[in-house]
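Take a look at this one; I'll ask things after.
Ligands are counted one by one from 1 in listed order, and the atoms in each one are counted from 1 as well. Because the structure is a prediction, the values reported are computed rather than measured.
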Amino acid sequence: MGEAKTHYEVIVVGAGVAGIYQIKRLLDLGVEATVLESAPDLGGTWYWNRYPGCRFDSESYTYGFSFSRELLDEWHWKERFSSQSENLRYLNYVADKFDLRKAMQFNCRVEAMRFNEARDLWHVKIADGRELTCRFVSLAIGLLSAPTMPRLEGIGDFKGRSFHTFYWPHEPVDLRAKKVAVIGTGATGIQLIGEIADKVGELTVFQRRPNWSAPLNNSAISEEEMADIRSRYDDIFAACALTPGSFLHGPDSRGFYEVTREERLAQWNKLYDEPGFGIWHANFREIFMDEAANAELSAYIADRIRTRVRDPKIAEKLIPRDHGFGVQRLPLETKYFEAYNRDNVHLVDIGETPLVRVTENGLRTSERDYEFDIIVYATGFDAITGAFDLIDISGIGGETLAEKWKQAPSTFLGLLIHGFPNLLMPTGPQSASASTNFPRGIEHNVNWCTNLLQYMWDRGYTRADATREAQERWTAHVAKMYEIMLMRKAKSWFTGYNSNVAGHEEGNVRYFLYNGGTPKFVAIANDVAAKAYQEIAFSSGERVDGQAATVSASA
Ligand code: NAP
């Protein structure tokens, strides 16, 4: 596994979807590279999140890697929206097929990284005490990999079992006849609740704010259907490349106000009953920007909820009032609303009666005590920058990334950070990968980063640093894109909100997503490459008094 080596040309941090593809590209080029992964095995998101109901909400065949025809021909996606265990099996299959494990080191948590300005090297400190050096680091650490717990007293006092969904146990959890609490109704809680409602004794859902959600409409994929999909893969990936979200669902080409209300309703009836993100991504563009258009759609979805939930009081509690449909990340659900029609499922509105503390036996709200055998925290993540904050990263002049990003992240294309040379981010804030069908964005970003490395190797450069001006321009561009979006007001990870992390509470909006869509992002990033990376300052050679032997800068 190469643990004895102490220097690599490239260190990739993280063996999830991005890390797997990045190491594949590097090994193909014959580069000395290794992956450091904190988990005991590969898979990232799909290694960790083992809660019941966890699955894609991207169509499986648009989520898989596109780089190998052989892989596409071999793999059979069994469901339109594949489950966590199958997704993990897929990632292992990819790693084994291309012999990638030989370049992966597990149980290696990167604690700190320091840029050595004299030698253009990163020093990477691992929790096991080792310190490695490398020219380049690719931080493939995921968007949603730093789970957060509520800031509640008494979490450690509970005598039953409790866990965050990210850390759902690897061995089966016996839920039968158990009294189970779920805190949180985001995409995770909604998947979990729909799945376990008929498998537990009593299920009590603690909901602070309801989330809009719509049916996933999953189904099996037969051998014949898979053969058809395989024959269309080129078209499928080409279609994904043309839509803003890199999904097969592209926006309605008609204007919201160009069609009649009846035509809009007919379209929404169709989209609601179709599989996947159509109701979000194949809708009229105005729903993301125009309050009135969004309100009309929200009212439509609210009515669909009312038809699915028998008790009108519960139905009203499940309908969001503080934000419109689709301005937060839309969860897709299976039997979620029907779960509340069951006698063993109870909804507690902790917006009205807040959680006060965890007790030895369960949970206390401002109203009463509840007793449980199991408490599940489906309380989300310190999104995107959270995983960066877990590593002590210092760049030029000893500046730390945590300090630089304290108020908000600033990047160039979401791929590079000024003052942190030779640091690549295939899944960073402000790039298109964060807001789109994830692997589609990742493949683009990893290819872009790998091409940049090749460009430097061909010319003997040892340092690449995005210029301050380029970074300021990009960050301003990302912020500007939020101006027209209703999303800018959302209390969700799309705007960097997390009530459980000091400084990330409501009010400090952080621009995490690139809202210009994939085609625009790809065009901009490719243009930067085609114009010889003018926004990046390159240099080479050992430094004397901070001066490089050769310098080729730019912008
Ligand atoms: P989330 O969307 O951030 O939802 C967290 C939930 O926990 C919210 O309902 C939140 O309430 C609640 N919560 C947080 N802190 C709380 C507290 N202290 N007390 C009470 N309630 C609290 O997190 P998530 O559901 O894990 O989803 C995160 C993202 O992961 C998704 O948006 C999606 O991108 C991804 N995901 C994807 C899939 C998939 O692809 N199939 C599945 C699951 C997740 P408030 O709304 O009031 O803050």
Side-chain angles (χ1 to χ4, degrees), residues 17 44-46 48-60 62-63 79-84 87 142-153 155 164-168 181-195 205-213 216 218 245 247 276-277 280 318 320-323 326-334 336 348-358 363 365 375-384 386 427 433-439 487 490-501 504-506 512-513:
V17 175
T45 281
W46 303 109
W48 287 111
N49 287 281
R50 295 172 187 238
Y51 61 86
C54 181
R55 59 177 62 253
F56 291 154
D57 43 24
S58 309
E59 280 76 6
S60 309
T62 71
Y63 189 100
E79 290 177 280
R80 187 180 276 269
F81 304 99
S82 177
S83 69
Q84 173 272 331
N87 306 342
L143 307 173
L144 298 155
S145 49
T148 47
M149 294 284 282
R151 291 187 273 193
L152 269 182
E153 250 182 75
I155 286 179
H164 191 285
T165 41
F166 186 77
Y167 295 117
W168 189 278
V182 174
I183 304 176
T185 50
T188 300
I190 282 175
Q191 284 187 331
L192 173 71
I193 291 159
E195 180 68 25
V205 177
F206 290 83
Q207 172 187 271
R208 190 164 62 183
R209 288 186 308 145
N211 234 310
W212 293 105
S213 59
L216 179 67
N218 193 18
F247 290 98
F277 277 133
W280 197 26
L318 294 171
R321 315 280 166 192
D322 70 326
H323 66 284
V327 306
Q328 296 184 177
R329 201 290 200 173
L330 181 75
L332 294 183
E333 46 81 26
T334 304
Y336 174 65
V348 178
D349 181 349
I350 50 171
E352 267 176 17
T353 55
L355 282 173
V356 174
R357 62 166 296 140
V358 183
L363 293 166
T365 66
I375 299 175
V376 183
Y377 296 94
T379 44
F381 299 86
D382 189 7
I384 309 194
T427 63
S433 78
S435 51
T436 57
N437 193 359
F438 193 44
M487 175 207 296
K491 276 165 68 179
S492 90
W493 71 264
F494 276 9
T495 49
Y497 160 81
N498 184 317
S499 69
N500 305 311
V501 181
H504 296 182
E505 301 94 341
E506 194 181 2
F512 274 176
L513 306 187

Checking heavy-atom distances from atom 23 (O) of ligand 1 to each of P210, G380, A490, the winner is G380

Tell me whether T165 contacts the main-chain N or O of A378 through its side chain, where contact means a donor paired with an acceptor under 3.5 Å. no

May I ask which of P150, P147, G186 has a heavy atom nearer to atom 4 (O) of ligand 1 than the others do? G186

With under 30° as parallel and over 60° as perpendicular, where do the rings of W48 and Y167 fit, or are they tilted in between? perpendicular

To check your reading of the model: name the closest protein heavy atom to atom 19 (N) of ligand 1, its residue, and the distance in Å. R208 NH1, 3.7 Å

Looking at N218, is its backbone amide N or carbonyl O close enough to the side chain of E79 to form a donor-acceptor pair, meaning the two atoms are under 3.5 Å apart? no

Give the numbers and elements of all ligand 1 atoms closer than 4.0 Å to a heavy atom of A378. 5 (C), 6 (C), 7 (O)

Between Q191 and ligand 1, which part of the residue brings a heavy atom under 4.0 Å of the ligand: side chain, backbone, both or neither? side chain

Under 4.5 Å between any side-chain heavy atoms of W493 and L513, yes or no? yes

Between N500 and ligand 1, which part of the residue brings a heavy atom under 4.0 Å of the ligand: side chain, backbone, both or neither? side chain

Has E59 got a side-chain atom pairing as donor or acceptor with R80's backbone, closer than 3.5 angstrom? no

Any side-chain heavy-atom pair of L318 and Q207 under 4.5 Å: yes

Between T185 and ligand 1, which part of the residue brings a heavy atom under 4.0 Å of the ligand: side chain, backbone, both or neither? both

To the nearest 0.1 Å, how far is atom 41 (N) of ligand 1 from its closest protein heavy atom, and which atom is that? R55 O, 2.5 Å

When you measure from atom 30 (O) of ligand 1 to every protein heavy atom, which one gives the shortest distance, and what is it? L144 CD1, 3.3 Å

For F56, the ligand 1 atoms whose distance to one of its heavy atoms is below 4.0 Å: 41 (N)

Using side-chain heavy atoms (C-beta onward) and a distance below 4.5 Å, is F438 in contact with T427? yes

Side chain, backbone, both or neither: C54 near ligand 1, heavy atoms under 4.0 Å: neither

Looking at ligand 1, would Y51 count as a contact under a 4.0 Å heavy-atom criterion? yes

heavy-atom search around atom 40 (O) of ligand 1 in the protein gives D57 OD1, 3.0 Å

If you measure only the distance, is there a donor-acceptor pair under 3.5 Å linking the side chains of R208 and S499? yes

Out of L330, N87, T188, I183, who is nearest to atom 25 (O) of ligand 1 when you count heavy atoms only? T188

Any side-chain heavy atom of W212 within less than 4.5 Å of one from H323? yes

Give the intermediate values and the outcome of side chain to side chain donor-acceptor pair (under 3.5 Å) for residues N211 and T185. CA-CA 7 Å; N211 234 310; T185 50; 5.4 Å; no

Please write down residue, atom name and distance for the protein heavy atom closest to atom 38 (C) of ligand 1. R329 NH2, 4.0 Å

Counting from 1, what ligand 1 atoms have a heavy atom of G184 closer than 4.0 Å? 6 (C), 7 (O), 9 (O), 12 (C)

Is the shortest heavy-atom distance from the side chain of H504 to the side chain of T148 under 4.5 Å? no

For atom 36 (N) of ligand 1, what is the nearest protein heavy atom, given as residue, atom name and distance? A187 CB, 4.0 Å

Residue portion contacting ligand 1 (non-hydrogen atoms closer than 4.0 Å) for R209: both

I want to confirm something. Looking only at heavy atoms, which of Y497, Y63, W493 is nearest to atom 29 (C) of ligand 1? W493

Please state whether the rings of F277 and F247 are parallel, tilted or perpendicular, taking 30° and 60° as the class boundaries. perpendicular

Just to be sure I read this right, does ligand 1 sit under 4.0 Å from the backbone of I350, its side chain, both, or neither, counting only heavy atoms? side chain

